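Here the structure comes first, spelled out in structure tokens, and everything after it is commentary.
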Amino acid sequence: MNLNELKPGQSGVIETVGGEGALRQHFLDMGVIPGTEVSVIKLAPLGDPMELQIHGYELTLRLADAEKIGIVPVSRQEGKEEKQAQRSPEHPGLGEEGRFHPKGSGDPLPDGTKLTFALVGNQNSGKTTLFNQLTGSNQHVGNFPGVTVDRKDGVIRGHSDTLVTDLPGIYSMSPYSSEELVSRDFVLRGHPKAIINIVDATNIERNLYLTMQLLEMNIPMVVALNMMDELRGNGGTVDVNAMEAMLGVPVVPISAAKNEGVDELIRHAIHVAKYQEKPLIQDFCGPEDHNGAVHRALHAVEHLIEDHAVRAELPVRFTSSKLIVGDPLLADQLELDQNERETLDHLVLQMEKERGMDRSASVADMRFAFIRKVCDASVIKPRESRERVRSEKIDRILTGKHTAIPLFILIMGLVFFLTFCLIGPFFQDLLQSGIDALRNATEQGMEAVHINETIQSLVLNGIFEGVGTVVSFLPIIVILFFFLSLLEDSGYIARVAFVMDKLLRRIGLSGRSIVPMLIGFGCTVPAVMSTRTLPSERDRRMTILLTPFMSCTAKMPIYGFFVTAFFPQYGWLIITGLYLLGILTGIAVAFLFKNTLFKGEAVPFVMELPNYRFPSPRNVALLLWEKSKDFLHRAFSVILIATIVVWFLSSFDFRLNLVDNSHDSILAAVAGLLAPVMAPVGLGDWRIVTSLISGFMAKESVVSIMETLFGGGLAALGSLTAASMLAFSLLYTPCVAAVAAIRRELGRKWALGVVLWQCAIAWAAALIIRLIGMLF
Ligand code: GDP
Ligand code: MG
């Protein structure tokens with residue numbers, strides 16, 4: 001029978017793992033291998049995907065993917081009894097100096113060599129928390145060269161000749177998503193002097209899988225065994241010395257959140273890097289493990305390719321196991337000749353025959369078999385984890401069949417209400433009055449010393465109006481990020497993705513895309529930025545292109561303005577209708593994309609559901625600081641320049657004389673050129689065009705420009721024009737800040753594409769609204 005047929009509460013032992021390619025490898029890497037027990041916890045409220053427990057952690061899987069996994073059902077009790085190992089902890093498992101590694105041996109790197117570290121670990125293992133502890137505020141954020149995946153570097157406090165890079169969380173060294181590729185390439189090609197591998201001690205089996213692969217890289221390494229506070233709090237412990245002896249690298253128990261053991265970790269990390277202490281053991285495949293089928297194949301391949309690997313500067317052991325599971329690129333890179341390729345094939349076929357499993361499963365199983373041995377010898381698991389029990393209780397409500405979706409709407413509603421109606425505007429007003437005061441002071445100052453009037457106009461009407469308005473949005477953005485990071489760090493967002501996956505799948509995306517879309521209702525800029533967490537490039541691009549359809553808050557003033565002027569009796573109806581129109585257009589566009597530009601399946605939804613945890617205040621504070629810096633940087637670069645350009649165009653005529661009336665300005669002339677294009681949809685008036693153009697800078701300015709240009713004559717436009725105008729403003733190009741964000745993520749071409757494409761859609765929608773309106 002197949003995994004999808006199991007009912008919640010039932011368990012089974014995996015027999016076969018179907019599927020193919022990267023997806024199958026991903027299954028295997030997540031521990032879904034033959035012989036492992038899985039239990040079904042529950043189905044998502046909409047009936048798909050399912051939540052499983054495997055290797056002591058929780059995983060989501062779509063039913064369609066679960067169908068590819070064959071199982072033999074077992075009754076729950078059988079599986080449970082054997083787990084209760086009874087052994088009393090022999091030592092505290094925290095703060096013991098590693099006895100395994102003699103200190104000060106070998107040749108140290110020359111003094112002054114920069115010690116670079118790669119911080120590698122699973123998602124939610126506490127990487128960011130540890131990174132923040134290691135570096136304090138000595139960190140800078142950038143992108144990895146050539147890709148737009150966040151890169152954080154920092155200097156270890158007190159050691160100025162070091163540099164730690166926080167890599168994206170990964171589960172294995174098989175590139176499954178673009179982020180994983182970045183992490184793998186960094187370890188493989190970035191030549192870090194050492195690896196700090198962070199391992200979640202409460203979820204040790206799955207976490208050690210990556211460790212096994214990292215050991216094969218033959219780079220000096222320390223294992224930071226994190227979350228020890230939680231493990232010990234539940235009565236578990238780890239015999240660190242036994243684990244060190246089996247892994248051949250220093251293992252340091254720490255609690256990143258409580259800053260315990262971090263100093264010791266730093267000492268060990270610097271030591272292994274300085275003395276270039278490579279892992280002592282890489283040979284985890286025992287000759288006694290299933291008659292050594294995998295062992296013999298691996299070693300044979302190692303000998304076969306050793307010289308090639310050395311020439312290509314690739315670690316021998318890593319390359320061998322990669323070749324066995326099949327990596328054509330690698331075979332080319334090694335320049336294996338025909339004979340060698342055939343020998344390789346024979347060796348692997350022989351292994352598959354002897355082991356009775358295909359190549360990928362054999363190798364994954366070999367690793368997990370060793371991990372089991374390590375855990376048996378060194379880990380005393382708690383009988384019950386308080387955090388797990390707590391998570392299950394919370395999940396009964398938050399992902400419960402009848403409560404999940406109402407609570408989701410309630411929580412998001414509350415976040416938006418607090419951000420946009422309560423706390424945000426308060427701080428925004430505060431900041432705005434600060435900016436206004438500064439503006440007045442500047443104005444008086446300039447008056448007093450009789451500065452040229454044009455310059456005054458630039459500073460006051462250009463910079464203060466433009467950049468000032470944008471900067472005043474800082475509090476809203478920071479507060480929105482504050483709430484979202486609380487939701488994210490606590491583990492709730494993963495549940496939202498789980499609950500919403502089925503709906504999003506219909507439009508060709510996976511559950512994870514819900515987050516950026518939700519943020520899009522606030523502001524497109526952070527929404528676009530938040531897509532970096534998506535595992536697949538295809539989903540990421542598609543999500544970025546859809547977020548602008550979620551009506552952002554900056555459009556609220558436009559809606560308010562027109563509704564009060566033209567449709568006062570239908571106010572909320574029209575505004576709600578506009579939001580819906582945005583969502584529906586987004587869905588329609590998604591369908592279009594799904595069948596054209598982004599053909600193919602959304603990535604399978606294999607995601608870990610971590611325990612709920614209290615977010616660390618330090619992490620949240622550093623994140624907010626980082627976001628604010630980023631936002632201000634943008635406000636004073638892109639937006640400042642754009643504002644100056646608009647000011648210039650609306651203040652001068654073609655002979656570069658200052659105009660008295662903006663009617664004569666370059667902007668009016670240019671707008672006049674565009675007017676015929678806009679005439680069919682009823683927006684041909686140059687003043688409307690001008691206000692729309694200025695809306696490209698910031699949507700808020702549409703209203704203020706219309707007010708100045710029309711004065712009292714607005715009513716003459718008529719309600720038909722107003723309706724077209726509403727639809728057009730809802731859908732046309734996102735503002736320059738959002739376009740800049742899209743450009744940063746997808747490049748210039750896509751950004752330009754979005755601008756043109758959205759204008760076209762808006763134009764079509766406005767036309768349709770106008771035509772419908774004419775019927776009445
Ligand atoms: P990342 O995804 O690997 O970057 O993980 P984070 O650093 O974001 O941590 C995930 C969660 O684990 C956060 O809620 C942290 O507060 C929490 N956490 C991190 N380290 C520890 C620890 O040592 N003990 C406990 N109890 N929680 C921790
Ligand atoms: Mg992180």
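Note that the coordinates shown come from a computational prediction; the quantities given were computed from them, not determined experimentally. Read the numbers this way: they start at 1 and go in the same order the structure lists the ligands and their atoms.
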Under-4.0 Å salt bridge between Glu216 and Lys322: no
Side-chain donor-acceptor pair present, Tyr171, Glu608, cut-off under 3.5 Å: yes
Donor-acceptor contact below 3.5 Å, side chain Ser378 vs main chain Val374: yes
Ser125 heavy atom under 4.0 Å from ligand 1: yes
Contact (N/O only, under 3.5 Å) between Ala256 and ligand 1: yes
NZ/NE/NH1/NH2 to OD/OE distance under 4.0 Å, Arg388 and Glu58: yes
Distance-only N or O hit between ligand 1 and Gln123, under 3.5 Å: no
Heavy-atom nearest neighbour of atom 23 (O) of ligand 1 within options Asn226, Val262, Thr129: Asn226
Proximal candidate to atom 17 (C) of ligand 1 [heavy atom criterion; set Arg613, Lys127, Gln133]: Arg613
Ion pair Asp166/Lys127, N-O distance below 4.0 Å: yes
Trace of the side chain to side chain contact (heavy atoms under 4.5 Å, CB included) decision for Asn241 with Asp239: CA-CA 6 Å; Asn241 294 326; Asp239 182 343; 3.9 Å; yes
Min heavy-atom dist Phe131 to ligand 1 below 4.0 Å: no
Region of Thr128 engaging ligand 1 - heavy atom pairs below 4.0 Å: both
Contact check, Asn122 vs ligand 1, heavy-atom distance below 4.0 Å: yes
